Amino acid sequence: MTNVLHECDVLVAGGGNAALCAAISARRSGAAVMMLDSAPRALRGGNARHSRNFRIAHDEPSPWIQGRYPAGDYWSDLQGVAGSAVDETLAHLLIGESAGILGWMIGNGVRFQSADDDALPYSRKTAFFLGGGKALVNALYATAEGLGVVVRHDSEVRAFHPADGLTAVTVLRDGRKETIRAGAVVVATGGFQADGDWLRDRWGEAADGFVIRGTPHATGRPLKALLESGADPVGASGLCHMVAVDGRSPGFDGGIVTRLDGVAYGIVVDRNGRRFADEGEHVGPTRFSVWGDRVARCPGAVAFSIFDTAIERGFRPSIFPAVRAASIGGLAAELGMLPAVLESTVAAFNAAVRAGGHTEGILPAKTRLAAPVAVPPFGAYPMRAGVTSTCLGVRVDCKARVLRSDGQPLGGIFAAGVIMAPNILGHGYLAGSAMTIGSVFGRIAGREAAAHARR
Amino acid sequence: MPGDDGNAARIAQDARQALEICNACRYCDGYCAVFRALRSRRELSAADLSFLSNLCHNCRACYHACQYAPPHPFDVNIPKSLSLVRQRTYRDHAWPALPGGRVRHTGRFAMAVTLSMVAVLSVPALLWLPPEQVLGRHSGAGAFYRVLPWSLIAGLAGLTLLWSLLSVGFSVAAFWRSMGPVPPGAATGPALRDALWDIASLRNLGGGGVGCNDRDDRFSQARRRFHHALSYGFALCFAATAVATVYDHVLGWQAPYPVFSLPVLLGSLGGAGMMAGTAGLAWLKRHADPGPVAAELLGADLALLAQLFLIATSGFALLALRETAAMGPLLLIHLGVVLGFFATLPCGKFLHAPFRAAALLRWALERQEQRRKEPPSP
Ligand SMILES: Cc1cc2nc3c(=O)[nH]c(=O)nc-3n(C[C@H](O)[C@H](O)[C@H](O)COP(=O)(O)OP(=O)(O)OC[C@H]3O[C@@H](n4cnc5c(N)ncnc54)[C@H](O)[C@@H]3O)c2cc1C
Ligand code: SF4
Ligand code: SF4
């Protein structure tokens, strides 16, 4: 084990959107920047690779975004998801800066889809990355490297040793430990959802049933290191942002396409063949996350969406083929349930369906989209909880400085992205806000870190 | 191997699986028509694959932007998958079918035919014609015809034209049918206009305005520009030939024409475009990231570029050296290469032009039909 020593003004830990924005911003502020990402080049870009759009306040339509989304609306949307957990100052900073971040991203090579493109759903709140998050990541890497940011893949940041002068950072690269001393450090390493042990610690055995929707490199080691150095925790370590995904998704990086679209149309049963929630309660965009959470709390963290041939026509199929059988009993056997239980669940449900699409006389009721499961062949998708990210972070101030519990900054350490998003979102989630937080606070953290390093 | 049947089903299945993932993802909607056309299709039939594969311009934007590209286990590689399907459509619909449909290395085959054409013209000429006819200096009106008689040149040209029209016409008709029935009620006039614009501008090589990924994950307009140089160069050469035909048959002015005459100017400009275009495209192919490329199809691509490059260079050489003793052999070579090119049109790669045009027309018809059904909201 050798100890190689390097120095730089600003060291950025991470390889996603927040890290890239921080590195570019620090470099543009004149600092010598090194960016370290634990992922190999082929998997660069963290979860940002899987993202699609971000949420921007704006007072009038532009080529990239329709309608208007005033700061006041943004603020009430944030309050709606975060409740009292929201740090008002940071939230208003986010909203205020969001208006200009689109132009900044464009200036750094990111392309957006034209707002009048008829292929897009109407959205007055979000701008869409042309080609999605990976195209954004490619553009930002090209810009960062073009500006002279030193980018290292396969380099895992393990520990920080904050000091009054330079902060020493321990890095594991090609199996060897290195020490890098930096004038300032920006930590943008996301959540800890890829650390199975940590998840198990919070969720028990259910965690073994979880699918991680994004990068396998978000193991949260830098987050742990910061908390151990005295950073003040925010958010909740026992909660995750999750959505319901097809149970056959790959363990990591399944991304957007594994979401199950049609859960509200049929019925959902646990692995014992029993219904446990009102399938018709959520039919809008919230349905994905509501079911993620519900499935995570089922026995074995698994459930099954069940439908018949008529119901199936109403929704977009999974990218995995449905499990099929000619009878409900046969389907139960395919799914490893007792046929008699599933048969009686379906029979009771069918008998309770009323015209108008709701049920009467069963618990839980289905309040919308209720239709009998009656036309063979029958189909099913296994469901699992797909984790987007965890909800634990470190407290920061308006300069993105990481704060200790006594409110004092942790010398020379800044944070951006999902690792500080709970300051604003609590454990709630507002679609499109995570990328904006990464861009806005990445830009601030990079600028402030460069200034700190120059002191 | 792009040729045998066991593979056809696998190629189609791979493309279908990848496109189903795209249909759930849609991140690439802004890049090109393929993703928009995909939206209205829940299940992908063979006709859909035929259509979508030819609608793809192989710009690779969607490969570099894809979070499911290899090494991801989903292994989504749309440009490669669609290239392979597209190549099958050339093979399946080319008229006349290549011998038994089993020619595997169509690129090598095309080059072999081209070289044979050169040989078929030059060897007998060199063996049997008087040396001063082939190797002497000729100048003034009708100089070319003193090497090969006018009737032979005109006859060969006429036959070639007829052959190409039949070949391309029947191939495109078969391909058009393979895309399935045209949506009823579409407005044909506007659709034609849209399709012509898409063809003339190569809009789908624009990656939603930023260019495409010719070589790697950075965007560029190089491929589009080289392709424009090549195809407009080709069109100018065609125009040069047409003007020359009018000069000759209608006005009775015999070739060769002076340097500042219309046919020579058009031909020179066109030839220069073709040389720059073919060389540039070949260079891009050699330096491109191999990830999204179906390596087994490169041979056919390069063969077509080589044929077109040879047509242009031999044409230029003929222009430059027409006053010298090299004129005779160069004329034979130029004619041979041109004949070889036309003879091998059904080999596939050239069909990309009319097939893409047909796919763009079909797409324009679908769009018109969509607009008719759901007029844009105010
Ligand atoms: C399927 C999916 C779709 C999404 N869609 C959207 C969307 O449309 N809009 C939106 O706003 N948000 C979306 N998100 C959330 C969005 O991806 C995140 O908000 C964003 O990527 C967070 O960026 P980040 O840079 O903070 O962290 P990440 O993108 O998670 O990046 C963390 C980076 O840190 C690196 N890293 C981790 N540990 C270390 C270490 N020890 N040393 C060095 N490097 C390390 C990782 O390799 C990775 O590159 C989506 C997420 C998923 C999974
Ligand atoms: S190519 Fe990849 S990113 Fe693009 S739409 Fe298809 S799956 Fe999505
Ligand atoms: S034209 Fe380009 S973006 Fe469209 S499918 Fe083909 S390779 Fe992908």
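Predicted model, so just to flag it, every value in this text is computed and none were measured. Atoms considered below: every heavy atom in the structure, side chains included; atoms not considered: hydrogens, waters and symmetry mates. Throughout, a chain's letter reflects where its sequence line sits, starting with A, and its residues are numbered from 1.
Residues satisfying the side-chain contact (heavy atoms from CB on, under 4.5 Å) criterion with A:L102, sequence neighbours excluded, are A:F54, A:I56, A:W64, A:I106, A:F112, A:A127.
Taking the ring axis of A:F288 as reference, the NZ or CZ atom of A:R259 stays within 45° of it and closer than 6.0 Å to the ring centre.
In this structure the side chain of B:R215 reaches within 4.5 angstrom of the side chain of B:L284, judged on heavy atoms. Two residues are said to be in side-chain contact when any heavy atoms from C-beta on lie closer than 4.5 Å; A:M242 and A:T388 fail this criterion. In this structure, the side chains of B:R60 and B:D289 stay at 4.5 Å or more apart for every pair of heavy atoms.
Under the salt bridge (Lys or Arg N to Asp or Glu O under 4.0 Å) criterion, no residue pair touches residues 137-148 of chain A, with sequence neighbours excluded.
Ranked by heavy-atom pairs under 4.5 Å with chain B, the first of A:G254, A:S318, A:G132 is A:G254. With chain B as the partner, the residue from A:I319, A:D261, A:L43, A:I256 showing the most heavy-atom pairs under 4.5 Å is A:I256.
For B:R86 and B:D301, the salt-bridge test fails: no basic side-chain N is under 4.0 Å from an acidic carboxylate O. Between B:D198 and B:R367 there is a salt bridge, since a side-chain N of the basic residue sits under 4.0 Å from a carboxylate O of the acidic one. In this structure, B:D214 does not pair ionically with B:K285, as no charged nitrogen and carboxylate oxygen lie closer than 4.0 Å.
Contacts between residues 38-50 of chain B and chain A, defined by a heavy-atom separation under 4.5 Å, are made by B:R39, B:R42. Listed in order of number, the residues of residues 14-23 of chain B that approach chain A to under 4.5 Å between heavy atoms are B:E20, B:I21, B:N23.
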TODO: Please report the C-alpha distance between B:Y27 and A:F129 in whole Å, then the side-chain angles of each, then the deciding distance to 0.1 Å, and finally whether the ring-ring contact (aromatic ring centres under 6.0 Å, His included) criterion is met.
DONE: CA-CA 8 Å; B:Y27 283 12; A:F129 317 132; 8.7 Å; no

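In this structure, chain A has a heavy atom under 4.5 Å from the backbone of B:C66, while its side chain stays farther away.
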